[in-house]
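Before any comments, here is the structure.
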Amino acid sequence: MKVLEERIREEGLILSDTVLKVDSFLNHQVDTELALQIGQEFASIFRDLPVTKILTVEASGIQFAMAAGIALKVPFIYAKKKKAVTLSEAVYSAPVHSFTRREDYRISISQKYLGPEDKVLIIDDFLATGVALIGLADIVKESGAELLGVGCVIEKSFQKGRGLLEQRGIPVHSLARISSMSPGEVHFIDNDVQYKEMIKESAGC
Ligand code: 5GP
C-alpha cells in the first residue's frame with residue numbers, strides 16, 4: 001500500500017534494526033483517514049472470503065480491526081490483555097510474550113462471542129515475531145472456529161512471524177512489508193512484484 005509506505009518513510013522512527021516507531025500516525029496518535037483507507041484495503045483483499053468475525057488484540061490492533069469490520073460489515077472482537085472483573089464468564093485464553101515490552105501476559109476473549117460457526121479474520125498493526133498472532137490463532141482453534149487468514153498493517157519480513165504463521169497453513173497479507181531497516185533507512189518488499197511472481201508461478205511460466 002503505497003500511501004502507507006510513504007508515511008512510514010516520512011514519519012517512521014527507526015529506533016534500532018528491529019524496532020520501528022510509528023506513533024505519530026498509526027498506534028498512538030491515529031490518522032483516522034488513513035486507518036479507514038487501511039480498513040478498505042483489507043476489505044478488498046479479503047472480500048471474497050466468508051468472514052463472520054474479525055479478531056485483534058488490544059490496544060493497537062483495534063482501530064484497524066474496526067475499520068476493516070466497517071468495510072466488511074462484520075463485528076470485531078479484541079482480546080484483552082488483562083482479565084477485567086466484568087469478564088466473569090468462561091474465556092478462551094493464550095500466553096503471549098510482548099516483543100516491544102519484553103513481558104509475558106495472557107490474552108483472553110469471552111467464549112460467548114466466538115464458536116464453531118465462526119469464520120475468522122485476524123487483523124493487527126505489526127507482524128514481528130508472530131507470538132501475538134499465534135496466541136490469537138490458538139484461541140480461534142480452541143473455539144472451534146475456522147481461521148481464514150491474517151492481515152497485518154506492517155510486517156517486518158526479516159523477523160520470523162510470517163514463516164511461523166505460514167508453517168501452520170495460515171495465509172498472511174501485509175500492507176507494508178519491510179525487508180530491512182536501520183536508523184534513517186527503510187526498504188520494502190514490493191508487494192506488486194510479489195503478486196506478479198505468484199501469478200507467473202501459478203501459470204507455470
Ligand atoms: P509480535 O512479535 O508478536 O509479532 O508483535 C506483537 C506486537 O508487538 C505487535 O502487535 C505490535 O503491537 C508490537 N510490535 C512488534 N514490533 C514492533 C515495532 O517494530 N514497532 C512497534 N511500534 N510495535 C511493534
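Order of listing sets the numbers, starting from 1, for every ligand and every atom in it.
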Next item on the list: Answer yes or no: is there an ion pair linking Glu5 with Lys2, defined by an N-O contact shorter than 4.0 Å?
Entry: yes
Next item on the list: Output, in order, the C-alpha distance, side-chain angles, deciding distance and verdict of side-chain hydrogen bond (donor to acceptor under 3.5 Å, both in side chains) for Ser60 and Asp125.
Entry: CA-CA 6 Å; Ser60 36; Asp125 61 339; 3.0 Å; yes
Identify the closest protein heavy atom to [atom]: which residue and atom is it, and at what distance?
atom: atom 10 (O) of ligand 1; value: Asp125 OD1, 2.9 Å
atom: atom 20 (N) of ligand 1; value: Leu20 O, 2.6 Å
atom: atom 24 (C) of ligand 1; value: Thr100 CG2, 3.4 Å
atom: atom 15 (C) of ligand 1; value: Phe99 CD2, 3.5 Å
atom: atom 16 (N) of ligand 1; value: Lys156 NZ, 2.8 Å

Item checked: Short N or O distance, Leu133 and ligand 1, threshold 3.5 Å exclusive ->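 In this structure, Leu133 places no N or O atom under 3.5 Å from an N or O of ligand 1.
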Item checked: N/O separation below 3.5 Å, Leu127 to ligand 1 -> no
Note to self: Could you work out, for atom 6 (C) of ligand 1, the closest of Cys152, Gly161, Ala132 by heavy-atom distance?
What the structure shows: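 Nearest option to atom 6 (C) of ligand 1, by heavy atoms: Ala132.
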Margin query: Tell me the contacting part of Ser60 for ligand 1: side chain, backbone, both, or neither, using a 4.0 Å heavy-atom threshold, strictly below.
Written below: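 For Ser60, only side-chain atoms sit under 4.0 Å from ligand 1.
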Notebook entry, point to check: Is a side-chain N or O of Ser182 found less than 3.5 angstrom from the main chain of Asp17, in a donor-acceptor match?
Noted result: no
Checklist line | Side-chain donor or acceptor of Lys80 paired with backbone N/O of Glu58 under 3.5 Å | finding: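 Such a contact is absent between Lys80 side chain and Glu58 backbone.
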